[in-house]
Amino acid sequence: DRVNVFADRRTAGEAAALHGIEQIERLLVHTPTGDKITVMFAAAPSQVETIEALVRLSKGRIDWRRVRILHMDEWVPAEPEKRISIDKPESFRNWIVNHLLGPIAEQHAIPAEELEFHLIDADPPSASGEALTAEQVADAYGRIIEQFGIDGIFGGYGENGHVAFN
């Protein structure tokens, strides 16, 4: 219901992160102990300042073991041989691991195996030539979303003005 204007991306990212932290805290207060909330993240360069601030400023405020992490973007061309493996820097899965999951584990001293995250399974064909179809990838991730729902989203505008990749 309002537009906020900031001097630079860092200041905007910190404001967005603080707002997000408050919303996650509110959700967790109303979530029974032991249960989790589900938060989806955009994985893009336009989100760097927000994600960096979120990880840094949530220390001592959010127990990330109670947050199920999803991401909203990935390259899933219909032709599996055109897909990008997670180890490539242009993979959105790679981005979310390197900018969110890894920093949470490191800065919050949480072993990565204690974090729950679901990455879009968009791998190119294996050595045996097996790969999910684009429809199977979408259906599988859709089932995860149906199972858990989404309690919050860190979205945003891309650097070229688009709203989310998909």
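The first residue of the sequence shown is numbered 1, and numbering continues consecutively from there.
- Between atom CD1 of residue I21 and atom CG of residue L57 there is a gap of 5.0 Å, rounded to the nearest 0.5 Å.
- When all heavy atoms of A134 and R83 are compared, the pair lying nearest together is N-NH2, 3.2 Å.
- The backbone N or O of V55 sits less than 3.5 Å from a side-chain atom of H108, completing a donor-acceptor pair.
- Within the model, atoms CZ of F92 and CD of E90 stand 10.0 Å from one another, a figure rounded to the nearest 0.5 Å.
- The CD atom of E74 sits 4.5 Å away from atom CZ of R93, with the distance rounded to the nearest 0.5 Å.
- Atom CD of E106 has 12 or fewer heavy atoms from other residues, nucleotides or ligands within 6.0 Å.
- Looking at every heavy atom in both residues, P103 comes nearest to V97 through CD-O, 3.9 Å.
- A continuous path of ILVMFWY side-chain contacts below 4.5 Å connects V48 to L101, so both sit in one hydrophobic cluster.
- Within the model, atoms CD1 of I120 and CG of D73 stand 7.0 Å from one another, a figure rounded to the nearest 0.5 Å.
- For the residue pair A42 and W95, the shortest heavy atom distance occurs at O-CZ3, 3.9 Å.
- The two atoms that bring L28 and R66 nearest to each other are O-NH2, 3.6 Å, heavy atoms only.
- At a threshold of 4.5 Å between non-hydrogen side-chain atoms, the residues R143 and Q147 do not count as touching.
- Pairs of residues two or more places apart, or lying in two chains, that qualify as salt bridge (Lys or Arg N to Asp or Glu O under 4.0 Å) and include a residue from residues 5-19 are R9-E49, R9-E159, R10-E14, E14-R56.
- Side-chain contact between I144 and R68 is absent, with no heavy atoms from C-beta onward closer than 4.5 Å.
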Evaluate the criterion side chain to side chain contact (heavy atoms under 4.5 Å, CB included) for residue pair I145 and M40; output intermediate values, then yes/no. CA-CA 10 Å; I145 293 169; M40 181 174 269; 3.8 Å; yes
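- When hydrophobic clusters are built by joining Ile, Leu, Val, Met, Phe, Trp and Tyr residues whose side-chain heavy atoms come closer than 4.5 Å, directly or via intermediates, F154 is not grouped with F6.
- Looking at H71, its side chain never comes within 3.5 Å of a backbone N or O of L119 through a donor-acceptor pair.
- In this pair, F41 and W64 present their aromatic rings tilted. The plane angle is within the 30 to 60° band.
- Using a 4.5 Å cut-off on side-chain heavy atoms (C-beta onward), R26 and I37 make no contact.
- Of the candidates D139, V76, D121, D121 is the only one forming a side-chain contact (heavy atoms from CB on, under 4.5 Å) with L132.
- Nearest heavy-atom pair across S85 and S91 is O-CB, 3.4 Å.
- Looking at heavy atoms from C-beta onward, I104 lies out of side-chain contact with V67 at the 4.5 angstrom threshold.
- Within the 3.5 Å criterion, the main-chain N or O of T38 finds a donor-acceptor partner in the side chain of D151.
- In terms of heavy-atom proximity, G155 sits nearest to M72 at CA-CE, 4.2 Å.
- Separating the CG atom in D35 from the CG atom in L27 is a distance of 13.0 Å, to the nearest 0.5 Å.
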Go through the steps for W75 and K88 under the test side chain to side chain contact (heavy atoms under 4.5 Å, CB included), then give the verdict. CA-CA 12 Å; W75 298 102; K88 302 291 185 199; over 6 Å; no
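- Separation of atoms CD1 (I96) and CD1 (I51) is listed at 6.0 Å; rounding is to 0.5 Å.
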